[in-house]
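Here is the naming used below: chain letters follow the sequence lines, and residue numbers restart at 1 for every chain.
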Amino acid sequence: MDKKYDHKKYEEQISKMWLEGDYFKADAKSDKEPYCIVLPPPNASGKMHTGNVLMIAIEDLLIRYKRMKGYEVLWVPGTDHAGFETQTTFERKLKKEGKSRFDFDRKTLYDTIMKFVLENKSAIEEQIRQMGASVDWSRYRFALDKESIDTVVNTFEKLEKDGKIYRDNYLVNYSFKWGTTFSDAEITYKDSKTKLVYVRYKVVDPEDNQPEYIIVATTRPETIPVDTHLAINPKDESKKWLLNKKVLNPLTDKEMSFIEDNYVDVEFGTGIVKITPAHDKADFEVGKKHKLPIINLITLEGKLNEKGGELSDLSILEARKKAIEILQQKDLIEKINEEYENVVPVDYRSGDYVEQLVIPNWFVKVDEMRDMALNVFEKGDLKIYPKWREITYKRWVENMHDWAISRQVVWGIQIPAWYNVDENPEIKVSYLDPSGNLQNETIKEALEKYSLKEVEEGIQSLIAPAGATYVINTEKPGERYIQETDTFDTWFSSGQWPLITLGYPDSDDFKKFYPTSVLETGWEIITRWVSRMVMFGMYLTGEVPFKDVYLHGIVRAIDGRKMSKSLGNVINPEEYIEEFGVDALRMGLISGTANGKDFNFPRDKIIGYRKFTNKIWNMARFMLMMIEREGYDEKNPLPFWSKDYKEKAESEMIEQDDEILNKLVETIKEVENKIDQYRFADACDAIYHFMWNEIADKYIEDVKSRDGKSKEIGLVILRYVYLNSLKMLHPFMPFITEVIWGEMPRKCDNPLVISNWPDK
RNA sequence: GAGUCUGUAGCUCAGUCGGUCAGAGCGCUUCGUUCACAUCGAAGAGGUCAGUGGUUCGAAUCCACUCAGACUCACCA
């Protein structure tokens, strides 16, 4: 053996050996008890970050431990398309080339992104291998594989048949310039000087001591025609009287009533807010909470519709001007703050104004699924570790609204819904015409100039009116149909990930390994991801997709803050792998947190475990050296520890021998116990101290000084204790333990440590 | 604004049911080391457990409040 353990020399070699030996392939036909983890799929075009490393370290620890204990183990690897994240990465790349997504038709854009992702996909797969993850590569899945898409589409069809799918208005950021929506992340805010108009609202039948008018400040007077309510803060005693009163809408003269909501800031303006659910994000939420009507005022062309009365057909800015004029004529303006500064949303590309308005989106009714996802705790079907995270899950699921599952992005699974273009002439299409120019118009207008085929080929996106008729089908149902351009929310597909990867509904894997044993992931996605998987699992199979959920903490930077590119404190795991090795990095990270709390990147612990690898390496060397020095070799081997040997040697064994053997059993029990409780840091600690303090510092020193028969007994026991420690350590430090195992003469048929958990 | 968590040695953190819980690693100090390992060994210093009050025979642990910090969600008409 070399004098030092050189991780660079061995890690690649061992990893290759595991891969070629196909040791991690699960057998669905096996009689052994199943143990299964589905790897939370990293972004296919992404790179390994410290969170991924921790995730893999913990899961590999569980997987190797259970495999060694004799379970039929399956760990399914996969990568996610990560819809929006990938598309923005890609668009940044396009921007560098002086292009944008609006230069492409939908299909070309999709194909180009796919190519980009496939080119980058192997990097993360390679990193998973490098980490020593004992996943079953034969079952690898990508979120946009045909099988994945089939499962997701089938689920959508089932939901539709069960009456769970509907289309409804949903507030989105809409750009008139591009004729499409922008996600929240694509919106930036621009400072802008806007008139803050203080408008008088006439109180209907005021009491003697009450004012005749109340005053409301607004920057959007043009939306007044569709306002039906005003809001006050429930803590604002001075305005309580308004709750029993009505006021007149200053533009339509219709009566309006009041609601109470904490969202209202008592200090701002006059402490009274007009609520426009159709055209303001906050108001939309308030409106939903109080079940207020959503009345659209602004059209996809950026003009006011017939609800605007005198303002109809004007653009937003024209209407605003006109509204102020009308109010002035009616003498309903108290004052105007011309200097008011606010921020307006603009799209990240052109800086053009983006309007918040409601357009039809696809929704899933969640009522039934939500209840199922909450009841799992009562029956004890699901346990969350650490337990205090349960409340986050429950609170979120309880408050869950119907789920808007459509996204106006290309990179994802296209919703399998089709509109008949003759029945729905008002569908708004954005498409590149045959000469490559971007057009925004209705399908009817488009078809007057071009064939349906031409429009379809150039299409970027479409928006079908709320009442549009549609057919759900995987294939084009007829000549005159055009497919919905929206894709599913990433969580809609990743929420089915355990089902997708295990081949729901009737594969052997599904029968053997579903429900899986544990879901291990970061707590940050407990609401968005974990809850969705529970919902889909319950809905489709009647069973929770995993028995336990273990949530690890987030690895923060060394300075205690969250890692972020802008802070420049992102830790690249590759550097640590290079310097200290995968084993030290894995074990250091695992021991960084005992209870699932966030923790700072534990650099000191990684260095500590790096020293530890060298220590156990030298323990092995020294032990082999002592055995050799005592004259043992292949012809005259050192006896193995066994029941027989023990009986013969018992009378000559001394206190230290019994002690180390007892401590070995204690340590095995403790490590098992801690792993079973998901207390991984404690398990690390137990092995570390047993090997270093008990074996190296005490027992080896003792054996070193012995002679004759006593020395032989010492060496026999030492080797036995050491090899069993190696086994225990293997799930934590798979590489070095495998290397040393290969160097050791041992009484065991299996040349690999991977299937040998110690007996007590 | 709503919610969750945290405050224990110089640093990073354990401390599970209120009673051998004042702990670990790193760092620091002193000494040692041709004979496995300086990525080593031996010994040692250090904390009013954020603060105040309460419950209890007993509190780092339970409760209330205060102070400080982190994160999640929402966000100004």
Side-chain angles (χ1 to χ4, degrees), chain A residues 1-6 184 189 194 196-199 216-221 223-224 227 230-231 233 235 261-276 279-283 285-286 289 337 340 342-343 386-393 395-396 399 523-528 553-554 556 558-562 580-581 584 588 591-626 628-629 673-674 677 679 681-682 684-686 688-689 692-693 696-698 700-701 704:
Chain A
M1 286 172 82
D2 300 335
K3 197 170 176 193
K4 283 182 181 176
Y5 174 64
D6 178 6
D184 287 348
Y189 291 88
T194 310
L196 183 61
V197 186
Y198 287 74
V199 183
V216 178
T218 179
T219 53
R220 307 280 317 253
T223 61
I224 287 176
D227 291 343
L230 298 166
N233 189 301
K235 289 182 198 121
D261 200 284
N262 283 324
Y263 142 78
V264 180
D265 182 347
V266 181
E267 304 298 321
F268 190 90
T270 58
I272 306 174
V273 186
K274 69 183 207 61
I275 303 292
T276 316
H279 298 291
D280 181 277
K281 196 165 187 166
D283 291 3
E285 292 300 323
V286 172
K289 199 154 76 181
N337 179 355
Y340 181 67
N342 71 346
V343 289
K387 192 165 172 30
W388 54 269
R389 294 274 187 214
E390 235 180 63
I391 193 167
T392 314
Y393 174 100
R395 192 182 304 275
W396 195 85
N399 293 325
W523 61 264
E524 58 193 345
I525 49 177
I526 182 174
T527 51
R528 280 171 295 175
I554 307 304
R556 291 183 308 237
I558 293 175
D559 61 13
R561 289 185 295 179
K562 204 178 167 182
F580 303 111
S591 70
T593 170
N595 49 18
K597 284 188 304 204
D598 293 353
F599 61 107
N600 299 359
F601 186 81
R603 189 167 199 277
D604 288 347
K605 284 190 172 143
I606 293 162
I607 295 170
Y609 282 113
R610 168 69 189 121
K611 289 184 182 178
F612 182 59
T613 58
N614 193 62
K615 185 70 184 179
I616 60 171
W617 182 259
N618 275 291
M619 285 163 71
R621 275 180 67 213
F622 184 52
M623 183 167 68
L624 292 177
M625 195 187 292
M626 280 200 291
E628 201 176 309
R629 227 184 267 151
N673 196 12
K674 295 300 186 186
Q677 292 174 52
R679 299 278 308 186
D682 293 346
C684 291
D685 212 46
Y688 178 91
H689 283 111
W692 202 311
N693 301 131
D697 292 347
K698 289 190 197 150
I700 288 184
E701 291 303 314
K704 195 157 123 180

With a 4.0 Å cutoff (strictly under), does any side-chain N or O of K615(A) reach OP1 or OP2 of G41(B)?
yes
Would you indicate what D697(A) reaches in the nucleic acid, counting non-hydrogen atoms under 4.0 angstrom: base, sugar-phosphate, or nothing?
sugar-phosphate
Would you check if the side chain of R621(A) reaches a backbone N or O of K3(A) as a donor-acceptor pair within less than 3.5 Å? yes
Taking only N/O atoms, report every protein-nucleotides 23-29 of chain B pair under 3.5 Å with atom names and distance.
| residue | atom | partner | partner atom | Å |
| --- | --- | --- | --- | --- |
| A24(B) | O3' | H689(A) | NE2 | 3.4 |

Is there a donor-acceptor contact under 3.5 Å from the side chain of W617(A) to the main chain of D2(A)?
yes
Does C40(B) have its OP1 or OP2 closer than 4.0 Å to a side-chain nitrogen or oxygen of N618(A)?
no
Any N or O donor-acceptor pair under 3.5 Å from the base of C5(B) to the side chain of K597(A)? no
Grab the N/O contacts between the protein and nucleotides 60-63 of chain B below 3.5 Å, and write none if there aren't any.
none

- So what does E524(A) touch, heavy atoms closer than 4.0 Å: a base, only the sugar-phosphate, or nothing? nothing
Under 3.5 Å, is there any donor-acceptor pair linking the side chain of E701(A) to the base of A36(B)? yes
Re A2(B): Watson-Crick or G-U wobble partner, both distances kept under 3.5 Å, found to be U72(B)
* Rounding to the closest angstrom, what is the interatomic distance between A14(B) and A74(B) at atom C1'? -> 35 Å
